Amino acid sequence: MTDRAPQPVDRQLPTEESRDLLALVREIAQREIRPRAAEEEDAGWFPREVFTLLSDAGLLGLPYPGEYGGGEQPYEVYLQVLEELAAARLTVGLGVSVHSLACHGLAGYGTKEQQAAHLPAMLGGGLLGAYCLSEPAAGSDAASLTTRAVRDGDDWVITGTKAWITHGGVADFYTVLARTGVEGPKGITAFLVPGDAAGLTAAVPEKKMGMKGSPTAQLHFDGVRVPDSRRIGEEGQGFSIALAALDAGRLGIAACAIGVAQAALDEALTYALDRKQFGHPIADFQGLRFMLADMATKIEAGRALYLAAARLRDAGKPFSRQAAMAKLFCTDAAMAVTTDAVQILGGYGYTADFPVERLMREAKVLQIVEGTNQIQRMVIARHLAGPETR
């Protein structure tokens with residue numbers, strides 16, 4: 001075995017506390033997540049106990065206020081935690097990102113009373129969240145959603161179907177976007193719905209190409225009743241809440257993508273240094289050396305892009321365009337890097353004996369979730385050239 005195996009990512013972190021935090025995350029990933037990732041993904045096993053461990057360690061509420069149990073970490077740090085978790089197992093890294101997305105509405109738009117009542121359990125009390133925006137006929141065109149919430153006294157009654165919900169059926173709470181008024185984006189309101197609400201059921205999880213350990217399911221709302229005290233923000237404010245959450249969530253997807261790509265590069269590099277053909281390690285051959293160089297460059301560029309966007313967010317500056325760019329570039333890079341990793345391993349790369357085939361299958365979904373990469377290009381173009389005139 002070569003002694004030139006890949007080293008941990010050399011991260012530029014703002015404080016000693018954040019350096020200690022990343023060291024803790026690496027330790028948990030190496031001890032509790034990575035060793036079982038392949039077996040549990042193959043079996044379709046959802047690692048709920050890992051999320052409980054992460055909650056106990058204070059890692060499920062990192063970017064949120066300390067007064068409610070959050071970690072008060074800047075996005076610059078939080079995203080690098082996601083990258084480390086995703087490199088160990090995407091089901092976990094993406095799951096933490098989705099949980100953070102589900103907390104975003106209440107943390108950013110809830111009343112002080114709502115935040116005090118719910119956020120401590122959501123951020124550090126062992127609960128796991130999910131985010132309900134997409135529907136069977138409302139994916140990229142989310143403003144056309146038809147799930148409806150009707151006022152009934154001090155309650156709202158929600159009826160409809162949500163689709164492609166990560167943690168669907170296993171989450172303890174759902175941030176749900178439902179129509180309460182006119183058609184279009186101005187008629188949508190956000191609600192915090194308990195996972196055990198009467199009338200809320202989950203369909204059988206989708207059978208997916210990758211991320212088999214992460215349940216993705218439709219949710220059916222059959223007259224689900226929630227009190228007005230669980231409405232987040234004002235009536236009709238839900239779509240703007242959703243868009244703000246998605247800007248932050250896209251950075252989470254970008255970080256997860258770079259984690260997957262880094263894991264693939266590490267596997268490919270270790271293999272290329274170890275594997276000998278014609279009397280030499282295959283890493284000695286220029287064709288493979290150039291592939292490894294290109295893979296590493298894509299990863300470094302993607303990491304720099306998502307961190308630049310995160311620092312804008314941390315500074316309170318607009319970052320929507322940069323978030324779309326980061327999501328677009330990082331997920332395309334992950335698809336390219338994982339594909340090249342399979343190629344470097346050759347026939348072995350195509351087998352389940354090595355993790356690169358799983359990483360390639362997982363990378364694909366990152367080009368789709370939280371706004372396809374075609375949607376990201378539309379967002380970027382609108383920032384550059386304004387809305388379409390057609």
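Both backbone and side-chain heavy atoms feed into the values below; hydrogens, waters and symmetry mates do not. Keep in mind it's a predicted model, so treat the numbers as computed, not measured.
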Considering all heavy atoms, the nearest P63-S100 contact
CG-OG, 3.8 Å
Any carboxylate oxygen within less than 4.0 angstrom of a Lys/Arg side-chain nitrogen, looking at R382 and E388?
yes
Looking at Q343, I'd like to know if its CD atom is crowded, meaning that more than 12 non-hydrogen atoms belonging to other residues, nucleotides or ligands lie closer than 6.0 Å.
no
Is there a donor-acceptor pair under 3.5 Å between the side chain of N373 and the backbone N or O of T331?
no
For A257 and A334 the tightest heavy-atom approach is O-CB, 3.4 Å
Any non-hydrogen side-chain atom of L106 less than 4.5 Å from a side-chain atom of L119?
yes
Which heavy atom in L13 sits nearest to a heavy atom in S18, and how many Å separate them?
CB-OG, 3.4 Å
Just by distance, do the side chain of T351 and the backbone of Y348 share a donor-acceptor pair under 3.5 Å?
yes
Would you say that P47 contacts R89 through its side chain, given a criterion of any heavy-atom pair below 4.5 Å between the two side chains?
yes
Out of curiosity, L359 CG to Q262 CD, how far, rounded to the nearest 0.5 Å?
11.5 Å
G223 versus V157, closest heavy-atom pair with distance
CA-CG1, 3.6 Å
If only atom types and distance count, is the side chain of R289 paired as donor or acceptor with the main-chain N or O of A283 below 3.5 Å?
yes
Would a single hydrophobic cluster contain both L219 and W164, if residues Ile, Leu, Val, Met, Phe, Trp and Tyr are joined by side-chain heavy-atom contacts under 4.5 Å?
no
Please list, one pair per line, the donor and acceptor atoms closer than 3.5 Å that link side chains of residues 186-207 to other protein atoms, with sequence neighbours excluded.
unit_1, atom_1, unit_2, atom_2, d
T189, OG1, T180, OG1, 2.6
T189, OG1, G236, N, 2.9

Set out, in order, the CA-CA distance, both residues' side-chain angles and the distance that settles side chain to side chain contact (heavy atoms under 4.5 Å, CB included) for E41 and L90, then state yes or no.
CA-CA 10 Å; E41 283 297 323; L90 183 58; over 6 Å; no
Applying salt bridge (Lys or Arg N to Asp or Glu O under 4.0 Å), name anything that partners E83, two or more places apart in sequence or on another chain.
R11, R303
How long is the span from the CZ atom in R275 to the NE2 atom in H280, to the nearest 0.5 Å?
15.0 Å
In one Ile/Leu/Val/Met/Phe/Trp/Tyr side-chain cluster, 4.5 Å: I158, Y174
yes
Mark yes or no for whether K162, through its side chain, and T147, through its backbone, hold a donor-acceptor pair below 3.5 Å.
no
A quick test of your reading: do over 12 heavy atoms of other residues, nucleotides or ligands sit less than 6.0 Å from OH of Y350?
no
Flag yes if more than 12 heavy atoms outside D228 fall under 6.0 Å of its CG atom; otherwise flag no.
yes
How long is the straight-line distance from CZ of R179 back to CZ of F239, given to the nearest 0.5 Å?
9.5 Å
To the nearest 0.5 Å, atom CD of Q80 lies from atom CD1 of I258 at 11.5 Å
Output side-chain donor-acceptor pairs under 3.5 Å for residues 123-131, partner residues at least two apart or in another chain, one line each.
unit_1, atom_1, unit_2, atom_2, d
Y131, OH, A242, O, 3.4

Mind checking the NZ-CZ spacing from K317 to R311? Nearest 0.5 Å is all I need.
12.5 Å
For residues F354 and L292: do they belong to one hydrophobic cluster (side chain heavy atoms under 4.5 Å, members Ile, Leu, Val, Met, Phe, Trp, Tyr)?
yes
Grab the two heavy atoms, one from P74 and one from D314, that are nearest each other, plus how far apart they are.
CB-OD2, 3.3 Å
Does CD belonging to E49 count more than 12 external heavy atoms closer than 6.0 Å?
yes
Kindly indicate whether the side chain of V224, heavy atoms from C-beta on, has any atom under 4.5 Å from the side chain of V176.
no
Note, W156 side chain near E235 side chain (heavy atom, < 4.5 Å):
yes
Hey, does T338 have a side-chain heavy atom less than 4.5 Å from the side chain of M335?
yes
Answer yes if L305 and L82 sit in the same cluster of Ile, Leu, Val, Met, Phe, Trp and Tyr residues linked by side chain heavy atoms under 4.5 Å apart, and no otherwise.
no
Please name the pair of heavy atoms, one in M122 and one in A102, separated by the smallest distance, quoted to 0.1 Å.
CE-O, 4.3 Å
Using the ring of each side chain (for Trp, its six-membered ring), is H167 parallel, tilted or perpendicular to F51, with breaks at 30° and 60°?
perpendicular
Quick one: side chains of residues 360-370, donor-acceptor pairs under 3.5 Å with protein atoms, not counting sequence neighbours, listed by atom name and distance.
unit_1, atom_1, unit_2, atom_2, d
R361, NE, E357, OE1, 2.9
R361, NH1, M209, O, 2.6
R361, NH2, E357, OE1, 3.2
R361, NH2, E357, OE2, 3.2
K364, NZ, Q367, OE1, 2.8
Q367, NE2, D332, OD1, 2.7

Identify which one of I33, V25, L24, V92 satisfies the side chain to side chain contact (heavy atoms under 4.5 Å, CB included) criterion when paired with E84.
V25
Side chain to side chain contact (heavy atoms under 4.5 Å, CB included) test vs I344 passes for just one of L288, L265, L269, namely L288
For side chain to side chain contact (heavy atoms under 4.5 Å, CB included), just list the numbers for H99 and F173, CA-CA rounded to whole Å, side-chain angles, deciding distance to a tenth of an Å, and then say yes or no.
CA-CA 10 Å; H99 174 82; F173 65 91; 3.9 Å; yes
So do the side chains of V50 and R36 get within less than 4.5 Å of each other, counting heavy atoms only?
yes
Using the side chain to side chain contact (heavy atoms under 4.5 Å, CB included) rule, take I28 and L54 through it: C-alpha gap first, then chi angles, then the decisive distance, then the call.
CA-CA 9 Å; I28 291 174; L54 295 177; 4.2 Å; yes
Expected output: side-chain S97 to main-chain G93 donor-acceptor under 3.5 Å:
no
Any salt bridge between R19 and E16, counting N to O under 4.0 Å?
yes
Under the 3.5 angstrom rule, does the side chain of R377 hit a backbone N or O of V379 as a donor-acceptor pair?
no
Could you give me the CA-CA distance, side-chain angles and deciding distance for L133 and L246, then say whether side chain to side chain contact (heavy atoms under 4.5 Å, CB included) is met?
CA-CA 10 Å; L133 176 62; L246 286 174; 3.9 Å; yes
Does a side-chain heavy-atom distance below 4.5 Å link R148 with T159?
no
State whether the side chain of Q114 and the backbone N or O of R231 hold a donor-acceptor pair below 3.5 Å, judged by distance alone.
yes
With K298 via side-chain contact (heavy atoms from CB on, under 4.5 Å) - residues at least two apart
D294, A333, A336, V337
Looking at residues at least two apart in the chain, or sitting in another chain, which of them share a side chain to side chain donor-acceptor pair (under 3.5 Å) with Q73?
E17
Would you confirm whether Y68, through its side chain, and H118, through its main-chain N or O, come within 3.5 Å as a donor-acceptor pair?
no
For the side chain of Y64 and the backbone of H104, is there at least one donor-acceptor N/O pair under 3.5 Å apart?
yes
Checking S144 side chain against D141 main chain: does a donor-acceptor pair fall under 3.5 Å?
yes
Distance (rounded to the nearest 0.5 Å) between T161 OG1 and H220 NE2:
5.0 Å
Taking I253 as the starting point, is it possible to reach I165 by hopping between hydrophobic residues whose side chains are less than 4.5 Å apart?
no
Check: Y306 and R250 side chains under 4.5 Å, non-hydrogen atoms:
no
